[in-house]
Every structure is written in C-alpha cells, then in structure tokens.
J.: 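If you scroll down you'll find the structure; I have some questions about it.
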Amino acid sequence: MAKLETKAVPQHIAVVMDGNGRWATKRFLPRVAGHKQGVTSLSRCVQACIDRGVAVLTVFAFSSENWNRPQEEVSGLMELLVLSLAGEVPRMKANGVRLHFIGDLKRLSTKMQTGLANAEASTADNTRLILNVCFNYGGRWDIAQAAQKVASSGQPITEMALDRAMALAHVPDPDLLIRTGGELRISNFLLWQTAYTEFHFSDKLWPDFDAAALDEAIAVFCNRERRFGKTSEQITSKVA
Ligand code: FPP
C-alpha cells in the first residue's frame with residue numbers, strides 16, 4: 001500500500017472508469033460482463049471513499065458518445081443501470097450515500113427517468129458521500145446547457161453565472177481526476193470543472209481498481225503542489 005501523507009485527502013474525486021471491455025475480452029466474456037464487474041468495482045470504490053473521508057465521488061458511467069457503441073452494449077448498459085439501482089440503492093441508503101444523476105437524462109425512457117428520480121429522492125437526506133453518476137453526459141453538452149440557461153435568464157454570460165448553471169453546481173470542482181485503463185485523455189468528461197484538477201492515470205483496468213490503487217492515487221495527489229496559477233513561493237510562504 002502506498003504511504004499516505006498527512007496532507008488532506010481530496011474532497012472531490014472524479015473517475016473515468018475505463019477498461020471494462022478489455023477486462024471482459026481478456027476472459028473471453030462479452031463486454032457487458034466487464035461493465036457488470038465495473039459496477040462491483042464502483043461499489044467497492046464508494047466504500048473506500050467513505051472510509052477515507054472523501055466527500056464527493058463523480059463517475060463517468062455513460063458518455064454522450066457511448067450511444068455509438070454496438071446496440072447490444074448500449075442496451076446492456078441501460079439494463080445494468082436499472083439492475084444496479086435495484087441492487088445498490090438500498091446499500092447506498094444504509095451507508096449514507098446521496099445519489100445524483102448528471103447528464104441529459106431526457107433521452108432515457110420515461111421509466112428510467114422515474115427510476116433515477118426515485119433513487120435520488122430516496123437518498124436525498126444522506127450526508128456521508130455525494131455520488132454523482134454521469135449518464136448521457138458530455139463536458140461540451142454541460143457547457144452548452146449552462147450557456148443556454150444563463151442566456152435565457154437574461155443575465156450576462158459571466159464565469160460565475162456559467163459556473164452556477166453547470167450540472168455539478170451542487171459540489172466544488174474535483175480535486176483529483178483518476179482515469180483507469182491506461183489511456184491519457186479526458187474524453188469529453190468534466191471539461192469546465194477540471195481547470196485546476198490534478199490528474200492521475202492508472203494502468204489498471206477499472207474492474208481491477210481496488211482500495212490499494214485508490215490509496216496510491218491519493219498518495220500521489222498528496223505529494224503534488226497545487227498552485228492555482230500562483231508561484232511555489234507564494235504557496236509555501238502563504239503570501240497572497
Ligand atoms: C469504459 O470502459 C466504461 C464505460 C463506457 C462504462 C462504465 C460503466 C461502468 C463502470 C458500470 C457502471 C455503470 C452503471 C450503468 C451504473 P470501456 O468499455 O471503454 O473499456 P475498454 O476501453 O476496455 O473497451
């Protein structure tokens with residue numbers, strides 16, 4: 001296990017859960033079996049975040065571009081979302097997890113939208129961890145919908161107004177973004193919110209990403225110096 005420094009753990013971790021397909025293919029299983037294992041890995045990650053005092057976890061479960069995957073995989077992911085709600089929500093409720101679904105949910109069936117709204121409502125009083133599940137989400141969609149909201153309200157389009165209209169306005173920006181599966185790109189995830197986020201890329205496939213891998217990512221984060229555009233001297237001497 002990587003040594004954890006005494007610096008505060010990231011309060012908001014975002015994850016691109018990549019590598020489910022490869023995990024399944026290596027085992028001669030259909031890709032959906034990898035996504036199913038991905039749900040188990042997500043559940044383990046939620047628990048590890050709670051145990052480490054992380055306040056917000058935001059995960060990329062289905063991107064705006066994932067509709068272009070083979071029909072069988074798309075419907076498999078839709079079914080998995082419904083099954084996961086039934087299987088995981090009671091546990092999340094008991095563990096103090098508050099669920100939010102983030103994205104253009106209007107494209108989902110009415111039945112699915114109702115299921116997501118019910119899951120959000122039934123966990124709304126929980127305060128230990130906020131879990132944002134990004135579904136039919138794209139960073140460009142998010143910026144465009146925020147701009148539309150601000151424009152139609154008649155306010156000037158300022159950074160602050162856009163920030164308040166973004167889909168993740170209920171949480172601070174991520175401190176740490178983890179991408180598993182060895183790819184080094186953002187893939188239209190949180191384009192607006194990651195302006196000063198620290199990035200960590202893991203070669204582990206998402207189903208293999210365990211608590212030790214999370215600790216390693218947190219340890220790397222704790223050893224980074226976040227400067228937010230300032231100089232190192234300003235940060236270390238606390239001079240503004
Ligand atoms: C990327 O791996 C992963 C996804 C597109 C889906 C992520 C979904 C989960 C982890 C399950 C949780 C989802 C729900 C429905 C709650 P990939 O398929 O691109 O993997 P590859 O790069 O190995 O092909």
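Whatever order the structure lists them in is the order used to number ligands and atoms, beginning at 1.
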J.: Measure the distance from atom 3 (C) of ligand 1 to every protein heavy atom, then report the residue, atom name and distance (to 0.1 Å) of the closest one.
T.: Met17 O, 3.2 Å
J.: Heavy-atom contact check, 4.0 Å cutoff: does Gly181 meet ligand 1?
T.: no
J.: Got the closest protein heavy atom to atom 4 (C) of ligand 1, with its distance?
T.: His35 CE1, 3.8 Å
J.: Would you call Val133 a ligand 1 contact, heavy-atom distance under 4.0 Å?
T.: no
J.: Just by distance, do the side chain of Glu88 and the backbone of Leu85 share a donor-acceptor pair under 3.5 Å?
T.: no
J.: Tell me, which protein residue and heavy-atom name are nearest atom 20 (O) of ligand 1, and how many Å apart are they?
T.: Gly21 N, 3.1 Å
J.: Within a distance under 4.0 Å of any heavy atom of Trp206, pick out the atoms of ligand 1 and give their elements.
T.: 10 (C)
J.: With a heavy-atom distance limit of 4.0 Å, tell me whether Asn66 approaches ligand 1 through its side chain, its backbone, both, or neither.
T.: side chain
J.: Output yes when a side-chain donor or acceptor of Arg27 lies under 3.5 Å from a complementary backbone atom of Trp23, and no otherwise.
T.: yes
J.: Got the closest protein heavy atom to atom 16 (C) of ligand 1, with its distance?
T.: Leu81 CD1, 4.0 Å
J.: What residue and heavy atom of the protein are closest to atom 13 (C) of ligand 1, and at what distance?
T.: Ala61 CB, 3.9 Å
J.: Would you say the ring centroid of Phe135 lies under 6.0 angstrom from that of Phe101?
T.: no
J.: Consider every N or O of Leu42 and every N or O of ligand 1, then say whether any pair is closer than 3.5 Å.
T.: no
J.: Does Arg31 come within less than 4.0 Å of ligand 1, judged by its heavy atoms?
T.: yes
J.: With a 3.5 Å distance limit and no angle check, can you tell me whether Asn188 reaches the backbone of Gly138 through a side-chain donor-acceptor pair?
T.: no
J.: As a check for students: among Glu79, Glu88, Arg69, identify the option with a heavy atom nearest to atom 19 (O) of ligand 1.
T.: Arg69
J.: Ignoring hydrogens and angles, tell me if any N or O in the side chain of Glu73 forms a donor-acceptor pair with the backbone of Pro70 under 3.5 Å.
T.: no
J.: Pick one: which of Val56, Thr197, Leu57 meets side-chain contact (heavy atoms from CB on, under 4.5 Å) with Pro174?
T.: Thr197
J.: Is Lys93 atom NZ crowded by more than 12 heavy atoms from other residues, nucleotides or ligands, each under 6.0 Å away?
T.: no
J.: Return the closest protein heavy atom for atom 10 (C) of ligand 1 as residue, atom name and distance.
T.: Asn20 ND2, 3.2 Å
J.: Under 4.0 Å from any heavy atom of Val39, which atoms of ligand 1 are there?
T.: 11 (C), 12 (C)
J.: Does the Arg44 side chain pair with the main chain of Ala211, one donor and one acceptor, at a distance under 3.5 Å?
T.: no
J.: Taking Leu105's backbone N and O only, do any of them form a donor-acceptor pair with Asn136's side chain (distance below 3.5 Å, no angle check)?
T.: no
